[in-house]
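Before any comments, here is the structure.
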Amino acid sequence: MLDMGKRRKVQCESCGSIFNNDFQKKHENALHGGKRVKIKVPGAPANPFVASVGSNMKLNLLENVNSELEFKTNVLVEKNDVSTVASVNMDDVSLDVSNGQHINLLENANLKYLPSITTESVNSKTNNLTDSVVNSEVNSELEFKTNVLVEKNDVSTVASVNMDESENSKTNNLTDSVLNCAGQFRYLFDYIKLCKPIIHNFEEAEVLNAYKIVVEIKEAIDNIIKISNSVLEKCNDVTAQLESQSGDVSEVEVIDSVVEHDPGKRTKIISDSQRQYLIMLGPHQPKLNVYPRTEKYSFRYSWFEEFPHLEYSIVKDAAFCYVCYLFPCGAGREKSENNWTVIGVKNWRKMKGNGKNNVGKLKKHFSSETHKAALYEFCHFMNKNNHIDIMLDKNKRQKIIQEERDHAFHTEVICILLDVAKTLGRQSLAFRGHANDENGNFKQIIYLISRHCPLLKEWLDSSRFRPYHTNYMSPKSQNEFINILGSSIKSNISKKVNDARQFAVMADTTPDLSHKDILSVVVRFVNDKGKPEERLLEVREIVDKTGKGMANEILETLRTNNLDLQNLVFQSYDFANNMSGQFNGAQQKISEAIGRKIPYIPCKAHRINTFIEHACDSSLIISDLFSIVQELYVFFSSSTRRYGPLLNKLNEIENSLKLRNLSQTRWTARAEALKSVWTSYPIIIDALDNIVEEKKIDKNTKNTAFSLTKKLVSVDFVVSLMFMKNIMYKLKLLTECLESAELNITDATLFISSTLKSLDIINSDSENMNNLIQSAVVFLKKYDVDAEKEFSVRHRRRIAPKKLDINRSNAFEFSFHSFYRKEFKMVLDKLNGLIKDHLEKSINDIKPLYSLFKPPFSKELLTETLIQDAIQFLPNNIEIDILTLLCELEVLYDQCLNKSTMSDLAIVSHELKTALPLANLLCRLSCTAPVTVAGNERSFSKLKMVKNYLRTTQEDCRLNNLMLLSSEKDLVDKMSLNEMAQKWATLKKRRILIN
């Protein structure tokens, strides 16, 4: 029977209507013709403890059991001293307790930590129930789940609040893990349902594409395996937690009975499930028209408002304390009385007190230490059991499982969106269209994937049901993805540089298509594997290109990326005055800003390219050679009518090369241009002759073609071409070698020295020069050109007037061979002289390091003075003992007797870094020194793709992030999309939640 003393919501069992209990009579008259109907509390179970009966059962370990049941099982085992709860979620199970059949709900379940339940244990607690009640209640409950509540015997013993805090967190974590497993499993189940179109296409397709079907099935299975592995991993974690708790569970007892709401009818609380049920009902506070009187005094309803935890028993006409009844025992309640928990307070005199110093019974109890202790434990119990309430509440559990499924679904979708952004950035592709974002690459790739990925199709189709139709495909969301990916790359690079403890900086500028000067900053360091790396740190617009302005921008870039300027050990730029100036150059201003000398190493590739230009300008015929090559390229490439026939002929001949432009920035372009002309020389001559003979071509074009033909078959051009193509290719190989990021300064110096020796040999070998000139004479005979006769016309002897030279008859006359040898030597002398001067200066700048690590590695060269000079290159925050370093270097040299390069020594040093840490530190310093600024030049090549003429309006931050994604492909490929998704979720408050 329901207590009618207090107004509450009730539900009619006949029609399901919900109304206040004091309107029952009106409801019966209105809907049931005055017929008496049964009512109940909405949502309250008929008997919440029927699934929790049983006693004196032990925990059984069920191992090696087949998981043949086609239903889900959720297990929750708590380790604390209050209760151990196991929740089994079962479908399609039927029981008949009344017939006495043996029941083992977990016989076939693949569980390890659940008690086995027999009919005897159930019948011992349910003999007083009728068969019909048992069957109806059990069947209704088992349609969705069966909950088995397992508790320890001594449930009344409660540990202190401080000791239970750790147990509380463990219980909450375990509950979250169980719910997360269920949500992930729900997500897996939904994904499998999304694979139904694959079977449908296989069955309904008129023309079966076997390959497509197999690929789709394989991709679906791969995704299912991936999700299954994730679910299995989480389940293993929960199992491990349960195993860690099973050692403390010895004997468990299932003891529960129906708890009356009226405190006068209640028995002693013996389980947490009974406490939870009473907490759900709240204090028993009936509102009666008239309360019974005793000696002219009675209970007053107004006391409930002043003392919310006060209860009243209609049966006993007595007052009770709700909190003290829930928690009668424990710390601070040793002197508690039974009047407020068992017997009840029946004497209504002096309940409120009389006078200031005469405190009433109510105030005295509700301010007592025993009540406070019970109140503390009540609060702790509520916090601890919030998660248990969720496990016991079917609706809450279903909601949380759905939320976990949605979280997994959202995480997967965000990972796909991030992956698309990552791929577009990696390949330097545009994200959005010029006017309509719907036609942009990002959205169109998403639509393409959605046609083959049911997961993404569901995301797009369900967007209209989400708040604000969120799909995170807008331009703002795309920029967020780009920013997260770029920031991650930048943070990764900064971490690597700081871990290396020493780094070098390289910088260069270039104009972009929006007419801005862009500064590219690259850092060089030695990674944890002992290999030198060059990484793009940032690109930014620069306005002040003076030495001070460049230095400020470089230092600001380093500070912005959280790099320690004290770890800067080298700097390298081109040889422009604003960078290399001794007093006002950027290299000097950076040294002044840091407070110590930072060695400046000019870009070797830039310098060699400049030396080639100066050397070629020293000879008129060599300078004309490059002019003719450029004129030839412009003539053919400026007209499709001229270039088409030439290209067709080049394609017909094997190993022929297309004409190349003399690039002003690419250092190897000149060698390639000369090689293409020499390889395709006959075809070019035939193409020019055809243009001259073609009647439909205009006169100016014919004249230009005729002039070019004369120049190409001239002796000066052919001799110069045959000589310079060899020289240029030697320097091309050197430049390509210097552009390698892994090359160290010592080996680079040796390569330059080796090339210089090769040029000296060519310069001193007159016989080979004569043979080359003679081969040019033979070659020109194929085109009916008399080389010596033409030479005598072009370079005839010119006698000076007598007023200038009275002995003009004695003037030296160059012969055919001597003239060209003189031209060749002028070029080589100039080139060799410039390279030697630069090489000597470069060696002097790093002489201590060069002397230490120049092969062959001899211990006789090691001196304390040399080592003292070498360690001056290290950052000031690194202190090294010279004698210890000397000893380690001697041991390192003994291990490298058969090594021929500094790179080989660095590998050995890294392998022995634990034994020889100081020697390895010095080797890393030498490898940190930059050779060229090729890394900056490579970033400029990426800049032309990232910021092309259709993408000139993008902001600097977005440009910088896209440049990092395009330049650092190896770091992009190693990104964890799940980590990026977590960063995206924490960036700001989102309208969806992810795991």
Side-chain angles (χ1 to χ4, degrees), residues 180 182-201 215-231 398-425 431-433 436-485 975-995:
N180 186 263
Q184 292 283 349
F185 186 76
R186 172 69 179 274
Y187 172 63
L188 173 62
F189 180 73
D190 290 346
Y191 182 83
I192 293 175
K193 291 194 296 185
L194 291 175
C195 298
K196 186 177 180 180
I198 300 177
I199 303 299
H200 177 76
N201 294 336
V215 169
E216 289 179 349
I217 293 175
K218 181 180 180 298
E219 291 178 351
I221 292 176
D222 289 340
N223 290 330
I224 291 172
I225 293 175
K226 177 183 176 182
I227 301 171
S228 300
N229 290 335
S230 176
V231 178
Q398 288 179 339
K399 181 180 179 181
I400 291 177
I401 290 175
Q402 180 64 32
E403 288 177 353
E404 291 292 339
R405 181 264 176 196
D406 292 341
H407 294 173
F409 171 67
H410 296 158
T411 302
E412 191 69 22
V413 170
I414 295 302
C415 286
I416 293 175
L417 298 179
L418 283 167
D419 202 4
V420 172
K422 184 184 78 171
T423 302
L424 289 174
F431 277 67
R432 302 190 289 273
N436 186 6
D437 180 53
E438 194 67 23
N439 294 324
N441 289 336
F442 184 84
K443 283 193 174 181
Q444 288 302 315
I445 291 178
I446 295 297
Y447 296 151
L448 171 64
I449 298 175
S450 68
R451 292 194 287 270
H452 304 275
C453 177
L455 188 74
L456 199 56
K457 186 177 186 302
E458 180 187 352
W459 169 261
L460 296 177
D461 293 342
S462 61
S463 63
R464 62 181 181 273
F465 302 116
R466 288 190 291 271
Y468 304 97
H469 296 181
T470 303
N471 58 15
Y472 294 106
M473 294 169 56
S474 65
K476 184 178 180 180
S477 295
Q478 295 176 32
N479 289 337
E480 284 185 350
F481 294 147
I482 295 171
N483 183 60
I484 290 171
L485 295 170
M975 272 185 178
S976 172
L977 292 177
N978 286 327
E979 292 182 4
M980 298 302 102
Q982 294 298 328
K983 290 183 179 179
W984 174 86
T986 57
L987 189 63
K988 65 180 183 180
K989 186 177 180 180
R990 302 292 181 183
R991 294 193 174 104
I992 63 172
L993 297 177
I994 67 175
N995 285 331

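In this chain, numbering begins with 1 at the start of the sequence shown.
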Under the side chain to side chain donor-acceptor pair (under 3.5 Å) rule, collect the residues that match up with D419, sequence neighbours excluded.
none
Single hit among L417, T411, L418 for side chain to side chain contact (heavy atoms under 4.5 Å, CB included) with C415:
T411
Spell out, as yes or no, whether a donor-acceptor pair under 3.5 Å connects the side chain of N229 to the backbone of I225.
yes
Any residue meeting side-chain contact (heavy atoms from CB on, under 4.5 Å) with F465, in chain and number order, not counting sequence neighbours:
S462
Any side-chain heavy-atom pair of I445 and T423 under 4.5 Å:
no
Checking N471 now: which residues fulfil side-chain contact (heavy atoms from CB on, under 4.5 Å) with it, not counting sequence neighbours?
W459, S463, R466, M473
Pairing residues for K457 by the side chain to side chain donor-acceptor pair (under 3.5 Å) criterion, not counting sequence neighbours:
D461
Quick one: list whatever passes ring-ring contact (aromatic ring centres under 6.0 Å, His included) with Y472, sequence neighbours left out.
W984
Quick test of your reading: applying salt bridge (charged side-chain N to carboxylate O under 4.0 Å, His left out), list the pairs with at least one residue in residues 220-231, sequence neighbours left out, ordered by first then second residue.
K218-D222, K226-E412
Between the side chain of H410 and the main-chain N/O of I994, is any donor-acceptor distance below 3.5 Å?
no
Would you tell me whether E219 and N223 have side-chain atoms, one donor and one acceptor, within less than 3.5 Å of each other?
no
Residue set satisfying side chain to side chain donor-acceptor pair (under 3.5 Å) with S477, at least two apart, ordered chain then number -> S474
Separation between OG (S228) and CD1 (I192), nearest 0.5 Å, reads 6.5 Å
Apply side-chain contact (heavy atoms from CB on, under 4.5 Å) to Q444 and list each qualifying residue two or more places apart in sequence or on a separate chain.
N439, Y447
When rounded to the nearest 0.5 angstrom, what distance separates CG in L460 from CD1 in I446?
7.5 Å
Pairs touching residues 439-452 that satisfy salt bridge (charged side-chain N to carboxylate O under 4.0 Å, His left out), sequence neighbours left out:
D437-K443, E438-K443
Return the set of residues passing salt bridge (Lys or Arg N to Asp or Glu O under 4.0 Å) with E403 (not counting sequence neighbours), or none when no residue passes.
none
Nearest 0.5 Å, please: how far is CZ in F409 from CD1 in I414?
10.0 Å
Report the C-alpha distance between D406 and Q402 in whole Å, list the side-chain angles of each, state the deciding distance to 0.1 Å, and finish with yes or no for side chain to side chain donor-acceptor pair (under 3.5 Å).
CA-CA 6 Å; D406 292 341; Q402 180 64 32; 3.1 Å; yes
Can you tell me how far CZ of R991 sits from OG1 of T470, rounded to the nearest 0.5 angstrom?
4.5 Å
Who passes side chain to side chain donor-acceptor pair (under 3.5 Å) against E480, sequence neighbours left out?
K988, R990
For A421, check side-chain contact (heavy atoms from CB on, under 4.5 Å) against everything at least two apart and list the hits.
F431, F442, F481, L485
Roughly how far apart are L448 CG and N441 CG, rounded to 0.5 Å?
11.5 Å
